[in-house]
Amino acid sequence: DVTGVQTCALPILSSFAEGFKAEERKYQEIFENSQAGIFTFSLPTQRIQEMNGKCAQMLGYNRHDLIDKELGSIFRDPGERDAFLSQLQKNAEIGDIELLLQTREGQVRQFLVSASLSPGNRAICSAIDITERKLAERVIQKARDDLERKVRERSDELMRANDGLKAERSEEHTSEL
């Protein structure tokens with residue numbers, strides 16, 4: 001009886017659809033609430049498809065301002081963008097690559113980006129702004145280099161002073177004889 005099959009199948013399909021919607025809501029919440037910036041784009045068209053609020057905030061945009069914009073609108077250097085896209089096409093997954101992205105105000109910021117290709121040539125990217133960390137690393141390295149230079153200079157001064165004292169002592173010893 002067809003009616004009996006439909007009666008049994010409808011609750012199963014309805015239950016399946018509800019489960020699918022619940023999973024979709026869960027992933028949408030993860031996307032929206034992530035502390036990492038997340039954006040997706042179409043590899044063939046290089047147009048941004050989705051972007052979470054965190055990513056838009058880091059770039060100084062309203063998230064909807066970048067939807068359907070070309071990927072080049074956030075990449076400072078077309079050569080770097082092309083290398084990123086080429087690596088993604090070749091490997092289908094990229095982990096922790098440093099990229100320079102441009103904010104709405106034109107400021108260049110350094111990001112650590114991971115990306116993977118999903119079915120349909122959709123790239124899913126997570127981005128973390130590491131600009132301040134990189135600046136701190138440069139400041140620390142400069143301080144370290146300055147300290148090493150000062151230690152070398154002071155060591156050279158001490159060696160000259162020591163050589164002078166040895167020479168004086170040698171002269172005193174020679175004059176005593």
Side-chain angles (χ1 to χ4, degrees), residues 16-155:
F16 178 74
E18 284 302 313
F20 183 73
K21 285 179 184 177
E23 283 295 306
E24 187 177 5
R25 280 192 301 274
K26 180 174 82 173
Y27 286 108
Q28 188 65 31
E29 287 177 16
I30 291 169
F31 177 80
E32 294 299 329
N33 295 311
S34 174
Q35 291 304 301
I38 301 172
F39 65 98
T40 67
F41 66 92
S42 164
L43 193 58
T45 66
Q46 296 180 21
R47 290 195 170 279
I48 297 169
Q49 295 175 319
E50 293 183 63
M51 178 174 287
N52 71 353
K54 183 66 175 183
C55 191
Q57 175 193 8
M58 289 187 297
L59 294 170
Y61 285 92
N62 175 312
R63 64 182 281 197
H64 300 290
D65 293 343
L66 288 171
I67 303 301
D68 206 36
K69 297 289 189 258
E70 290 186 8
L71 198 57
S73 62
I74 60 172
F75 271 82
R76 166 106 169 132
D77 178 7
E80 185 177 69
R81 179 200 62 220
D82 293 345
F84 167 72
L85 293 172
S86 176
Q87 188 176 357
L88 185 57
Q89 282 179 315
K90 185 173 140 189
N91 300 322
E93 193 170 302
I94 302 172
D96 297 340
I97 184 171
E98 292 183 15
L99 297 173
L100 298 176
L101 301 180
Q102 187 168 310
T103 67
R104 169 181 241 143
E105 295 78 31
Q107 182 183 21
V108 176
R109 304 205 45 95
Q110 196 162 4
F111 286 83
L112 191 61
V113 177
S114 295
S116 62
L117 278 179
S118 66
N121 276 331
R122 176 184 238 189
I124 302 169
C125 305
S126 67
I128 299 170
D129 187 341
I130 58 171
T131 306
E132 279 77 24
R133 185 185 91 191
K134 289 302 220 178
L135 179 60
E137 287 174 1
R138 286 191 294 272
V139 167
I140 289 169
Q141 186 60 49
K142 184 182 179 325
R144 188 177 289 136
D145 293 345
D146 288 347
L147 181 60
E148 287 178 13
R149 180 185 48 79
K150 288 178 182 178
V151 166
R152 278 193 307 275
E153 288 172 358
R154 185 66 179 138
S155 294

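Tested against F41 for a side chain to side chain contact (heavy atoms under 4.5 Å, CB included), the candidates L85, I124, L66 yield a single pass: L85.
Taking 4.5 Å as the limit, every side-chain heavy atom of Q87 sits out of range of all side-chain heavy atoms of K90. Counting heavy atoms from C-beta on, the side chains of D68 and I48 never come closer than 4.5 Å. Annotation: side chain of T131 is not in contact with side chain of Q107 (no heavy-atom distance under 4.5 Å). Residues L100 and Q110 are in side-chain contact: their nearest non-hydrogen atoms beyond the backbone lie under 4.5 Å apart. Side-chain contact between C55 and I38 is absent, with no heavy-atom pair separated by less than 4.5 Å.
When all heavy atoms of G79 and D77 are compared, the pair lying nearest together is N-OD1, 3.0 Å. Residue Q49 comes nearest to R122 through the heavy atom pair OE1-NE, 2.7 Å, listed as atom of the first residue, atom of the second, then distance. Between Q89 and L43, the shortest heavy-atom contact is CG-CD2, 3.3 Å. Smallest separation of non-hydrogen atoms from F111 and A127: CD2-CB, 4.0 Å. For the pair M58 and T103, the tightest heavy-atom approach, listed with the atom from each and the gap, is O-CG2, 4.0 Å. In this structure, I67 and E50 approach most closely via the heavy-atom pair CD1-CA, 3.6 Å.
Distance OG/S116 to CG/L88: 7.5 Å, rounded to 0.5 Å. Here R104 contributes atom CZ and L59 contributes atom CG; the two are 10.5 Å apart, rounded to the nearest 0.5 Å. We find the CG-CE distance between N62 and M51 to be 10.5 Å, quoted to the nearest 0.5 Å. Between the CG atom of D129 and the CD atom of Q57 there is a distance of 10.0 Å, given to the nearest 0.5 Å. Here CG of L101 is found 11.5 Å from CZ of R76. Values are rounded to the nearest 0.5 Å. Note that CD1 of I94 is 8.0 Å distant from CG of L99, once rounded to the nearest 0.5 Å.
For F75, the ring pair (Phe, Tyr, Trp, His ring centres under 6.0 Å) partners are F84, not counting sequence neighbours.
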